[in-house]
Amino acid sequence: MAKNRFSSGDGPSQRQLRVGELIRRTLSDVLNRAEIHDPDLNRMSITVGEVRCSPDLKVATVYVMPLMGSVPVEDAIAALARNKAELRHHVSGQLTLKYAPDLRFRRDSTYDQLDETRRLFSDEKVQRDLAQRDADAEDDEA
């Protein structure tokens, strides 16, 4: 297959990003409105943080997290996996794709990474380096 001459990197294509966002919105709406026929899943408040699609759009990896630790992440992922077919049906009804993507559910670790980033920025060495960089930038402007 020919390489897209407008692509500038190895990251996801615009189509992958667009389809991933549409899947994320659809899953968020379905889970928010409790449209799944599983009372256990409907009792859970689940956040869909991100959806990453494979290049052929046949596999969508869904990163989820229960709100405020209401249930263990493993339980939420297990409930979503049990109802994968129904969720996939809702997604395929909203999207006009040739194939309905296979949904794979994973733990969203974005919040853990944010905590680590905050910890790194609060380190005194990093604060000193940032202050020095700002001082150097002010000297360059003057």
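Bear in mind the structure is a predicted one, so any value in this text is a computation, not a measurement.
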- request: List for me each residue that meets salt bridge (charged side-chain N to carboxylate O under 4.0 Å, His left out) alongside Arg15, sequence neighbours excluded, and say none if there are none.
  value: none
query: Does anything in residues 31-48 pair up under side chain to side chain donor-acceptor pair (under 3.5 Å), and if so which pairs, sequence neighbours excluded?
result: Arg33-Glu35, His37-Glu86, Asp38-Arg82, Asp38-Asn83, Asp40-Arg43
- line: Output for pair (Ile46 CD1, Leu27 CG), nearest 0.5 Å, gives 10.5 Å
field: side-chain contact (heavy atoms from CB on, under 4.5 Å) partners of Pro12, counting only residues at least two apart
entry: Gln16, Leu17
query: Which pairs count as salt bridge (charged side-chain N to carboxylate O under 4.0 Å, His left out) when at least one residue sits in residues 59-77, sequence neighbours excluded?
result: none
message: Can you give me the closest heavy-atom contact between Ala76 and Pro66, atom names plus distance?
response: CB-CG, 4.0 Å
query: For the atom pair OG (Ser13) and CZ (Arg18), what is the distance rounded to the nearest 0.5 Å?
result: 8.5 Å
query: Can you tell if the side chain of Ile77 reaches within under 4.5 Å of the side chain of Arg106, non-hydrogen atoms only?
result: no
message: Which residues pass the side chain to side chain donor-acceptor pair (under 3.5 Å) test with Arg25, not counting sequence neighbours?
response: Glu21
- request: State, yes or no, whether a side-chain contact exists between Val59 and Arg104 at a heavy-atom distance under 4.5 Å.
  value: yes
task: Please examine the side chains of Leu95 and Ile23, heavy atoms only from C-beta on, and report whether any two atoms are closer than 4.5 Å.
output: yes
message: Holding to side-chain contact (heavy atoms from CB on, under 4.5 Å), I want the full list of residues that pass it with Arg52, two or more places apart in sequence or in another chain.
response: Glu50, Tyr63
query: What residues, two or more places apart in sequence or in another chain, satisfy side chain to side chain donor-acceptor pair (under 3.5 Å) together with Asp123?
result: none
- prompt: Listed by chain and number, what are the side chain to side chain donor-acceptor pair (under 3.5 Å) partners of Ser54, not counting sequence neighbours?
  reply: Asp56
- prompt: Looking at side-chain heavy atoms only, is the closest gap between Phe105 and Leu87 below 4.5 Å?
  reply: yes
field: Minimum side-chain heavy-atom gap Leu97-Leu57 below 4.5 Å
entry: yes
field: Results of side chain to side chain donor-acceptor pair (under 3.5 Å) for Gln132 - residues two or more places apart only
entry: Asp136
task: Determine the minimum heavy-atom distance between Val91 and Thr26, stating which atoms define it.
output: CA-CG2, 4.0 Å
Set of residues satisfying salt bridge (charged side-chain N to carboxylate O under 4.0 Å, His left out) with respect to Arg128, sequence neighbours excluded: none
- prompt: Of the non-hydrogen atoms in Ala79 and Met44, which two are nearest, and what is the gap between them?
  reply: CB-CE, 3.8 Å
query: Going by heavy atoms in the side chains, are Leu80 and Leu31 under 4.5 Å from each other?
result: yes
- prompt: Tell me, do Val64 and Val73 make a side-chain contact under 4.5 Å, heavy atoms counted?
  reply: no
- prompt: Under the side chain to side chain donor-acceptor pair (under 3.5 Å) rule, what pairs show up with a residue in residues 88-99, not counting sequence neighbours?
  reply: none
message: Checking Lys84 now: which residues fulfil salt bridge (charged side-chain N to carboxylate O under 4.0 Å, His left out) with it, not counting sequence neighbours?
response: Asp102
